[in-house]
2 protein chains.
Amino acid sequence: MQTLNPTARVILGMIKLGRNTGYDIKSLVDVSTRHFWAASYGQLYPELKRLEQDGLITGRDEPSGGRRRRVYELTEDGERALHDWLASDEKPSYELRDEGLLKIFFGDSMSADELVRAVQANRRLHEGVGAALREIEPHARDAETRFPYLTLQAGLAEHDHMAAWWREVEERLARGEDPHVPADPKEQQ
Amino acid sequence: MQTLNPTARVILGMIKLGRNTGYDIKSLVDVSTRHFWAASYGQLYPELKRLEQDGLITGRDEPSGGRRRRVYELTEDGERALHDWLASDEKPSYELRDEGLLKIFFGDSMSADELVRAVQANRRLHEGVGAALREIEPHARDAETRFPYLTLQAGLAEHDHMAAWWREVEERLARGEDPHVPADPKEQQ
DNA sequence: GAAGGCATGTAAATCGTTACATGATTTA
DNA sequence: TAAATCATGTAACGATTTACATGCCTTC
C-alpha cells in the first residue's frame with residue numbers, strides 16, 4: 001500500500017467525518033484546518049478521482065435538484081488506509097514558511113522605522129489568526145466531535161502566545177531598548 | 001519591477017549578510033532560517049542564475065585552490081529590490097503544514113492509545129525543534145548581527161510553548177480527563 | 001432579477017524536494 | 001587513506017496556487 005499523499009490524508013479523514021462532496025470537504029477545511037492544513041479545489045477534485053480509481057473511496061452521482069453532485073464514501077481499503085496513517089509512528093511532517101520572520105532575520109539591514117513596522121506586521125498576523133479562530137470557536141465547541149475543537153485551541157494557544165511575544169518586542173523597540181527578549185517569564189526561575 | 005519569488009528573497013538577504021556562494025547560503029539557511037524558511041540546492045542554484053540574468057546580482061568565478069566557486073554580490077538593483085521587499089507593507093505570507101495537528105483533528109476516529117501516541121508525537125516534535133535551536137543558540141548570540149538571534153528566540157518561545165501545551169494535553173489524557181485544555185493560565189484572570 | 005451559495009472541474013504556472021552526478025580539498 | 005567538507009549543478013517528480021469556465025438553486 002502506497003503512502004497517502006498529503007491531500008489524500010485530509011480527504012479520507014473528512015469523508016470519515018461525513019463530508020462527502022469535494023465542495024463540502026473544501027468548505028470544512030476552510031473553517032477548521034486551514035490555519036495548519038490548507039487545500040484548494042485544484043488539489044481536491046483530481047485527488048478524489050485518483051482515490052476512487054485506487055479503490056479507497058466510491059462515488060455516486062446524486063443530484064440535488066438539477067444540481068449535479070458526486071457523493072463519496074470510504075471503502076474498506078479506504079478505512080484501513082486512513083487508520084494506518086492515523087496510527088502510524090512515522091514522525092509527522094511539519095513545515096512552516098513565515099515571511100515576516102524572514103524579514104526580521106534580515107533586520108540588521110533595515111532602518112529603525114522599517115523594523116518596527118515589520119514587527120508590528122508579525123504581531124498583527126498572529127492577532128488576526130487568533131481573531132479568526134475565536135470567531136469559529138463557539139461553532140467548534142458545540143460540534144459532536146471533540147478533537148477538531150482541540151486543534152482550534154492549539155491554534156489559539158500558539159497564535160495568542162506569539163502575538164504577545166511580538167507585542168513585547170514592539171514595546172521594547174518603542175522604548176529604544178534592545179529587542180532581545182529574555183527567556184519567557186514562565187520559563188525562568 | 002517584478003516581485004521577488006520566495007527563493008530570491010532569502011538569496012538576496014543572505015548575500016547582503018556576506019554569504020556569497022550557493023553552498024554558503026545553503027549552509028547558513030540550514031542552521032538559521034530552516035525552522036521557518038527552508039531552501040534546497042534545487043531551488044538555490046537555478047535561482048542564482050536567474051537573479052544574475054535579471055541583473056540583481058553579479059557573479060564571478062573565483063576558484064579557491066582547484067575547487068571551482070562562483071562568488072556573488074548584490075548590484076544596485078539587487079540592493080533596491082531587497083530593500084523594497086523588506087520595507088514593503090504587504091501582509092507577509094504565513095503558511096503552516098502540520099501533519100501531527102491534522103491527525104489530532106481526526107482524533108475522534110482513533111483509539112485512546114493511538115491518540116496518546118499522536119499527542120506525544122506532537123510534544124516531541126516541538127521539543128525536538130526547541131533542542132535543535134538551543135544547540136545553535138550560543139553561536140547565534142555571539143554573531144555581529146543582532147536580528148538572526150531574535151528569530152531564534154522567537155522559535156524558542158514558540159516551540160517551548162507548544163511543547164508545554166501538548167505535554168499538558170498528554171497529562172490530562174493520561175489521567176483520563178477531557179483533553180480540552182482551558183485557556184492558557186497567563187490568558188486567564 | 002441580482003446576489004450568494006452549491007457544485008464541479010481544468011490548465012497553466014509556480015514552487016519545492018529528492019535523487020543523482022561530479023570532483024577538489026582538508027582533516028583525522 | 002578514508003571521511004568530511006567545499007562546491008556546483010540537473011532531472012524528475014510531486015505539490016500547490018491561481019485563474020478560468022460553467023451552471024443550477026435559493027433567497028432577498
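Chain identifiers are assigned alphabetically (A, B, ...) following the order of the sequence lines, protein sequences preceding nucleic acid strands; residue numbering begins at 1 within each chain.
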Residues A:Lys91, B:Glu99: salt bridge by 4.0 Å N-O rule
no
Before giving the answer on salt bridge (charged side-chain N to carboxylate O under 4.0 Å, His left out), spell out for B:Glu52 and B:Arg70 the whole-Å C-alpha distance, their side-chain angles and the decisive distance to 0.1 Å.
CA-CA 12 Å; B:Glu52 187 168 12; B:Arg70 193 162 178 87; 2.9 Å; yes
Rounded distance (Å) that lies between atom C1' of D:dA7 and atom CG of B:Asp24
11 Å
Does the side chain of B:Asn5 come under 3.5 Å of the side chain of B:Glu47 through a donor N or O and an acceptor N or O?
yes
Find the distance B:Glu99:CD to D:dA15:P and express it as a whole number of Å.
12 Å
A:Tyr72 OH to C:dG9 C1', in whole Å, measures 10 Å
Report, as yes or no, whether the 6.0 Å neighbourhood of atom CZ on A:Arg97 holds more than 12 heavy atoms from other residues, nucleotides or ligands.
yes
Nearest-nucleotide 5' precedence on DNA chain D, B:Arg70 against B:Glu95
B:Arg70
Tell me what B:Asn5 touches on the nucleic acid: a base, only sugar-phosphate, or nothing, going by heavy atoms under 4.0 Å.
sugar-phosphate
Look at the side-chain N and O atoms of A:Gln43 and state whether any lies under 4.0 Å from the OP1 or OP2 oxygen of D:dT16.
yes
Length of the CG-P vector between A:Asp61 and C:dT8, whole Å
9 Å
Does a nitrogen or oxygen in the side chain of B:Arg67 sit under 4.0 Å from OP1 or OP2 of D:dT5?
no
Looking across every strand, which nucleic acid part, if any, lies under 4.0 Å from A:Gly66 by heavy atom: base, sugar-phosphate, or nothing?
sugar-phosphate
Is any side-chain nitrogen or oxygen of B:Ser40 closer than 4.0 Å to OP1 or OP2 of C:dG16?
no
Report the residue (A:Ser64 or B:Arg97) whose heavy-atom-nearest nucleotide on DNA chain D is the more 5′ of the two.
B:Arg97
Would you classify B:Gly42 as touching base, sugar-phosphate or nothing, given that sugar-phosphate means primed atoms plus P, OP1 and OP2, and contacts are heavy atoms under 4.0 Å?
base
Salt-bridge contact A:Glu127-A:Arg123 (side-chain N to carboxylate O under 4.0 Å):
yes
Phosphate-side-chain proximity, B:Thr7 and C:dG16, N/O vs OP1/OP2 below 4.0 Å
yes
Between C1' on D:dC6 and CZ on B:Arg19, what's the gap in Å once rounded to a whole number?
14 Å
Which part of the nucleic acid, if any, lies within contact of B:Pro6, taking any heavy atom under 4.0 Å across all strands shown: a base, the sugar-phosphate backbone alone, or nothing?
sugar-phosphate
Look at the side-chain N and O atoms of A:Arg68 and state whether any lies under 4.0 Å from the OP1 or OP2 oxygen of C:dA7.
no
Geometric cation-pi criterion, B:Lys16 with A:Phe106: 6.0 Å, 45°
no
Under 4.0 Å between a side-chain N or O of B:Arg69 and OP1 or OP2 of C:dT25?
no
In whole angstroms, how far is the P atom of C:dG9 from the CG atom of A:Leu51?
13 Å
Check the phosphate of C:dC6 against A:Tyr23, side-chain N and O only, distance under 4.0 Å to OP1 or OP2. Yes or no?
yes
Is there a side-chain contact between B:Thr21 and the phosphate of D:dT8, meaning an N or O under 4.0 Å from OP1 or OP2?
yes
For the pair made of CG in B:Leu28 and P in D:dC6, what is the distance, rounded to whole Å?
13 Å
Assign A:Lys26 to base, sugar-phosphate, or nothing according to its heavy-atom contacts below 4.0 angstrom with the strands shown.
nothing
Using whole Å, report how far OH of B:Tyr41 lies from C1' of C:dT22.
14 Å
